[in-house]
Amino acid sequence: MSRRNRADLRLINSPEGETMGISRRQFIKSAASLGVIALAPRAGGAAVARTATLRAAVMEQAIRAGAPRTNFSGFNGSVPGPLLRYRKGETVRLAFRNALEVESAVHWHGIRVPNAMDGVPYVTQNPVQPGDEFVYEFQLPDSGTFWYHPHQSSFEQVPRGLYGALIVEEERPIEVDRELVWLLSDVRIEDDGLQVEDFGRILDIANDGRIGNEVLLNGIAAGAGNVLEVRSGERIRLRLINAAAARIFQLELHGHAMNVIAYDGQAVEPHVLEQLVLGPGMRADLVIDCMQAPGSRFLMNDIHRRSVGPIASFVYGDASPVRRKPLGAPMRLAPNRLPEPDLGKASEHYIMFQGGMRGAPTLGIVDGKPARTHELMERHGLAWTMNYTARHEHALMHEPFLHLQRGEHVVLRMINETDFVHPMHLHGHFFRVIAVDGRKQARPVWRDTVIMGPRQTIDVAFVADNPGDWMYHCHILDHAAGGMMGTIRVT
Ligand code: C2O
Ligand code: CU
């Protein structure tokens, strides 16, 4: 293997948390060198908050060896930011230091936090001013794969590089030989490596969002040259996170079965996927048994229409197999305890989506006044409506578009009248995806973000048990900025 590939391998694995086969001391040592914020021993069962600091600032980093450096914003000087890794039930204290020149805040995507810790400027807290600090403190109720990112001008701050993984370990993790965390994202750069300063263009807002021209895996360029060295016989747990602002990934892996064991951090009955679709904000945990011969090589590809290209190569070393048959250990994760919606007594609510560059023109309400599609776009920089209303990011969010009683069992029917895909995300709760175009799902999965295809209707069900004003928005961040964003109030 060339030196270049070896360097890539180190990078591709950088936010990994080794949990097997090494001592705690080694772990902490290697974790420190990898920028991992490591586990500390539990203090005799007492609820001692574990502390970490996330400092957001501008920085530079080359996306491939020898390439010109790219200007990013990053947490603690890297893209992605540090891997935060905790155990289920722990209390964490996360200090956010804003060393940017703009206001910001940090949202903990998928974590069921109390509302005041949710990190949404103007809705759950005041924006953190440049030079200021805000301390988040909350308990981690669920194990799973989560992530963090700013929730202010997210269409710009996220693709600039402000995102990282937050892993919450199960009380009893499943047995694997190795665990990897891959944050997928992208960046739009020029030949000189600098980011194109074209955030928030109406053309992107009203279409598929701002798609980068370089796909990144843990902050470096994805592609066949991005090598993961594997040992024949080993079992890998791969935690995938789509941190891109707009890009949808559709992944396939040659020569291996992708066993999905969790979506958005929540356990599913393990089953094999031919392809994995990951919209922005979404996560999947895979178990991969590497049963091919030493010396062989396989590609993971993105086959989504917008990209099509290799993400990484699985390259088998020459070492003899660690085992001849796949590890027999169970893959099934113990489920988190989530409040089960009772469809018999659930109230029904509807959200209709309209807008976008293609399709029928829309008449929507902006700032209390009617506006047609072209006015929405030209005058307000908005392109989407939910229940006929287009809202600006956060600022005028004090009026929720849906009111739920605390403890209410809810079916939310989302009717997509647009010709576009929208990964819809709800804060503070998980929901079960119970029907697609009216077809009941045999095994409704828990999610915090669900893909709504063009002209598709999705029914989700949940118990509104977490009081507060919760964001509900498209995770194509340009769409969110362009009107597909609102709050749901639970009181
Ligand atoms: Cu990942 Cu409202 O965000
Ligand atoms: Cu959208």
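Atoms within each ligand, like the ligands themselves, are counted from 1 in listed order. As the structure is a prediction and not an experimental result, all values here were calculated from the model.
- Of all the heavy atoms in Arg283 and Arg447, the pair that sits closest is O-NH2, 3.5 Å.
- Of all protein N/O/S atoms, those under 2.8 Å from the Cu ion (ligand 2) are His422 ND1, Cys474 SG, His479 ND1, and waters are not counted.
- Taking backbone and side-chain atoms together, His107 has no N/O/S atom less than 2.8 Å away from atom 1 (Cu) of ligand 1.
- A cation-pi arrangement is present between Arg358 and Phe420, with the terminal nitrogen or guanidinium carbon under 6.0 Å from the aromatic centre and inside a 45° cone about the axis.
- Using a distance-only test at 3.5 Å, with no hydrogens or angles considered, no donor-acceptor pair links the side chain of His374 to the main chain of Arg372.
- Among heteroatoms of the N, O or S kind in His427, NE2 lies nearest atom 2 (Cu) of ligand 1.
- Among the atoms of His151, no N, O or S atom falls under 2.8 Å of atom 1 (Cu) of ligand 1.
- The minimum heavy-atom distance linking Ala243 with Trp147 is given by the pair CB-CZ3, 3.6 Å.
- When the options Asp186, Leu276, Ile311 are evaluated for a side-chain contact (heavy atoms from CB on, under 4.5 Å) with Phe249, the one that passes is Ile311.
- In summary, an N, O or S atom of His473 is located under 2.8 Å from atom 2 (Cu) of ligand 1.
- For His475, the N, O or S atom with the smallest separation from atom 1 (Cu) of ligand 1 is NE2.
- Judged by a 6.0 Å distance limit and a 45° cone about the ring axis, Arg210 is positioned over the six-membered ring of Phe199.
- Restricting His109 to its N/O/S atoms, the shortest distance to atom 1 (Cu) of ligand 1 is reached by ND1.
- Heavy-atom contacts from other residues, nucleotides or ligands closer than 6.0 Å to OH of Tyr350 number more than 12.
- For the side-chain contact (heavy atoms from CB on, under 4.5 Å) criterion with Leu84, the lone passing option out of Trp108, Phe146, Phe75 is Trp108.
- Ring orientation note: the planes of His392 and His380 are tilted relative to one another, at an angle of 30° to 60°.
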